[in-house]
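First the structure, in the form of structure tokens, and then the observations on it.
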Amino acid sequence: MKNLKIWCLALLSGLFVGGPLLAQEEPVVTLATASGPLTAETTVPAHPRLLWFKGEEKALKKKIKADAYWSQLHELILQEADQIVELPVNERVKIGMRLLTTCREDLRRILYLGYAWRMTGDKKYAERAEREMLKAASFVDWNPSHYLDVGEMMTALSIGYDWFYDYLSPQSRETIARALKEKGLDTADDSNWWLTAEHNWNQVCNAGVTYAALALYDLDPEGVRPYINRAIATIRKPMHEYGPDGAYPEGIDYWDYGTTYNVMFLSVLEKALGTDFGLSEMPGFMQTGLYSQVMITPALSQFNYSDNGPRPMFNPTVFWFYGKTGDPALLYQQKRLFEADTARSFLTNRVFPMVMLWGAGSQAPLSNPVVPAECFYMGHGGSPVAVMRSSWDEPGAVYLAFKAGQAGLNHAHMDVGSFFLEADGVRWALDLGGELYNQLESRGVDLWLREQESQRWDVFRYRNQAHNTLTFNDKPQKITVHADIDDVIQKDGLMCVASDLSGVYAPQIARALRAVSLVDGQYAVIQDRLTTNRFTAMRWNMVTAADRVTFLSDTTARLEKDGKVLYMRVQAPFPVKLTTWSTEPNYSFNSPNPGTQFIGFDAELPLNATSDVTVWLMPGQMREEVQTPYDFAKFE
């Protein structure tokens, strides 16, 4: 140990040379001058110090034994660890520009093996984890050109180094510590752009750096302390985006990614240092657990705006929020997801064992969770979103959601003004979701440059023409313009939100207002008030999973799927003819969109006039008497 300490002190000397960060809201923090809550007097506990102290296994076992759900999850984790023991060690395999799959699998294996080792004491798990870590330590690098890879690998090896510390030989400790320093911390200087990012990259990378710094803290406190202080200062950038009320701008899957690592970051600070330095008190953060639950539909799909997919999974991170808030609304969907996932696909989640520390540790009652009371949700922030539902506990309930925001945000699409409708278990109005990044990148698509004329907007699923919103003169939305949700109504069986979308479409139309309503929990109403001052051709568009569409008239259609029906009716002061068209993409680099089609209409809007267009979406039956609930008076 003495030799290792001397080696690390020498190895870490001269580490703190770096340039200043870019301008940001927080004071400029450089590695060389990083000051903060950690000082020379700061000490850390002995290993294991990351997330889970030695001896805490006993209390956890007691809590698990007292609850059938947690006992079942415990056994599933041990069974998965047994399967990992039999796998060959993970190799360094890049897919396109990313080593991410390898790094994530290493984290999954080490967390499963670490949990099994800590809870059983069986050395087969420790031996297998040691081989995995030594292999990862031998990689030529952890792919710093795509720094998420480094962030995830640092998290993996730091936890392994810490949890298996008493088992590892001095030589193995030194090898892993050297890798964490050379392939991790050495690459985390102030030149990294993610330090000023307002999205998941900042959360993932700052967490990985902090895990490595805390794992090595006793070897060189002076050397690693600035990394932690810098992370505490700069992670405020993405955490600010949860304000004011918890909605996550990047959407639900990226909520899972960014927020999971944010919670991992706060958890390790709390455990090793006794505090999260007030970070969890930032506006919106403690409310964001609820955002993740309202995005899940009655039929266990999800409102997957931006680069996100349609399928939710049982999520360990939600249990951290339950442990902090005690909010029973956070457990209802989790129980449903757990019971519906008969394939146990949640075991592929690389941080899944954390559910035992965050969930069983807080004695979250999965056996009989409380049905949430509120059927309306509103979140502002970078991507304002509203969700209206007829019920939480009826699988066929009506679920209507609306999104405003801005296309220029990280992972965003030109989907401002889009809506989502599920009823009777059918996604009548859906989002096609994200694309396969490597598929696009390998074909030469410049996917990540977010400017108005960027090639990103050639991707079929990213354009407004492929979303449940409006298009004027076949032009794209303005990516620098933010649209808010400007009005909310909840009264007498009506839930309604309205937004001014005008700036998103300028100069194609003088004014575009949209209101989305759920009436009596039974049907949806989409209202558009459109004012022109030039020639304006409009397309009203909806992506649907309906596999049969019958036109009853030019303005009425019957949609069918799985024995369920939805009636669609349009009213406008000009001729309208409903039609369908293919969701087959325009370029070969795009993914196909099987099982979907567009329905909507094209029209030339009257010149220098204001037109009200209303579309009723009626699940189950045609309603002759329907409301036009919103009058747009707020916008006059």
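All residue numbers in this chain count up from 1 along the given sequence.
At distances below 3.5 Å, not a single donor-acceptor pair connects side-chain atoms of Arg389 with backbone N or O atoms of Val398. Under the 3.5 Å distance criterion, the side-chain polar atoms of Gln527 are left unmatched by any main-chain donor or acceptor of Val613. At distances below 3.5 Å, not a single donor-acceptor pair connects side-chain atoms of Thr544 with backbone N or O atoms of Ala429.
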Practice problem: Could you walk me through whether Met295 and Trp255 pass side-chain contact (heavy atoms from CB on, under 4.5 Å), step by step? | Solution: CA-CA 11 Å; Met295 292 295 105; Trp255 180 92; over 6 Å; no
Exercise. Apply side-chain hydrogen bond (donor to acceptor under 3.5 Å, both in side chains) to Thr259 and Thr317, showing your working.
Key: CA-CA 8 Å; Thr259 308; Thr317 306; over 6 Å; no
Exercise. Could you walk me through whether Arg336 and Leu300 pass side-chain contact (heavy atoms from CB on, under 4.5 Å), step by step?
Key: CA-CA 8 Å; Arg336 295 182 67 223; Leu300 295 181; 3.3 Å; yes
Practice problem: List the steps and the verdict of salt bridge (Lys or Arg N to Asp or Glu O under 4.0 Å) for Asp474 and Arg539. | Solution: CA-CA 8 Å; Asp474 201 34; Arg539 169 164 286 188; over 6 Å; no
Quiz item: Can you list the steps and then say if Trp428 with Lys564 is a side-chain contact (heavy atoms from CB on, under 4.5 Å)?
Solution: CA-CA 10 Å; Trp428 298 110; Lys564 309 298 183 180; 3.9 Å; yes
Quiz item: Run the side-chain contact (heavy atoms from CB on, under 4.5 Å) check on Gln627 and Tyr523 step by step: do they pass?
Solution: CA-CA 10 Å; Gln627 296 183 38; Tyr523 63 92; 3.6 Å; yes
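Donor-acceptor pairing under 3.5 Å is lacking for the side chains of Asp245 and Gln287. No side-chain donor-acceptor contact under 3.5 Å links Gln477 and Asn464. A side-chain donor-acceptor contact under 3.5 Å links Ser553 and Thr556. With 3.5 Å as the limit, one finds a donor-acceptor pair spanning the side chains of Tyr437 and Asp307. At a cut-off of 3.5 Å, with distance as the only test, a side-chain donor of Asp253 or Gln302 sits close to an acceptor on the other residue. Side-chain atoms of Asn308 and Ser306 include no donor-acceptor pair closer than 3.5 Å. Looking only at atom types and distance, the side chain of Tyr630 has a donor-acceptor partner in the side chain of Asp487 under 3.5 Å away. At a cut-off of 3.5 Å, with distance as the only test, no side-chain donor of Asn304 or Arg311 sits close to an acceptor on the other residue. Side-chain N/O atoms of Asn438 and Ser442 include no donor and acceptor closer than 3.5 Å. In the model, Ser588 has a side-chain atom that pairs as donor or acceptor with a side-chain atom of Arg443 under 3.5 Å.
Rounding to the nearest 0.5 angstrom, the gap separating the CD atom in Gln293 from the CH2 atom in Trp392 is 7.0 Å. Here the CG atom belonging to Leu566 is positioned 9.0 Å from the CG atom belonging to Asp424, to the nearest 0.5 angstrom. Expressed to the nearest 0.5 Å, how far OG of Ser418 lies from CG of Leu501 amounts to 10.5 Å. Between the CZ atom in Phe419 and the CG atom in Asp431 there is a gap of 11.5 Å [rounded to 0.5 Å]. Ile509 CD1 to Met538 CE: the interatomic distance, rounded to the nearest 0.5 Å, is 8.0 Å.
Thr579 has its side chain out of reach of Phe598: every pair of non-hydrogen atoms, C-beta onward, lies at least 4.5 Å apart. Using a 4.5 Å cut-off on side-chain heavy atoms (C-beta onward), Arg461 and Ser591 make contact. No side-chain heavy atom of Thr260 sits less than 4.5 Å from a side-chain heavy atom of Met354. Tyr305 is not listed as a side-chain neighbour of His467, based on a closest heavy-atom distance of 4.5 Å or more. Within the 4.5 Å cutoff, the side chain of Trp201 has no heavy atoms near those of the Tyr261 side chain. Between Phe420 and Lys403 there is no side-chain heavy-atom pair separated by less than 4.5 Å. For the pair Trp540/Leu470, a side-chain contact is recorded, criterion being any heavy-atom separation below 4.5 Å from C-beta on. Annotation: side chain of Met568 is in contact with side chain of Val615 (closest heavy-atom distance under 4.5 Å).
Because its NZ or CZ atom is both nearer than 6.0 Å to the ring centre of Phe338 and within 45° of the ring axis, Arg344 counts as a cation-pi partner of that residue.
Salt-bridge check for Lys237 with Glu198: passed, with a basic side-chain N closer than 4.0 Å to an acidic carboxylate O. The pair Asp500-Arg511 meets the salt-bridge criterion, with a side-chain N (NZ, NE, NH1 or NH2) lying under 4.0 Å from an Asp/Glu carboxylate O. No salt bridge links Asp486 with Lys634; every basic N to acidic carboxylate O contact stays at or beyond 4.0 Å.
Under a cut-off of 6.0 angstrom, the local environment of CD in Glu604 is sparse, with at most 12 non-hydrogen atoms contributed by other residues, nucleotides or ligands. In this structure, Glu374 places its CD atom where only 12 or fewer heavy-atom neighbours from other residues, nucleotides or ligands lie under 6.0 Å away. Annotation: Tyr587, atom OH; neighbour count of heavy atoms from other residues, nucleotides and ligands within 6.0 Å does not exceed 12.
Ring pair Trp457/His413: centre-to-centre distance not below 6.0 Å. Aromatic ring centroids of Phe285 and Phe321 lie under 6.0 Å apart. Taking the six-membered ring where the residue is Trp, the centroids of Tyr291 and Tyr248 are separated by 6.0 Å or more.
For the side chain to side chain donor-acceptor pair (under 3.5 Å) with Tyr505, the qualifying choice from Thr469, Thr536, Asn473 is Thr469, the only one to do so. When each of Ile489, Thr614, Leu494 is tested with Pro629 by the rule side chain to side chain contact (heavy atoms under 4.5 Å, CB included), just one qualifies, namely Leu494.
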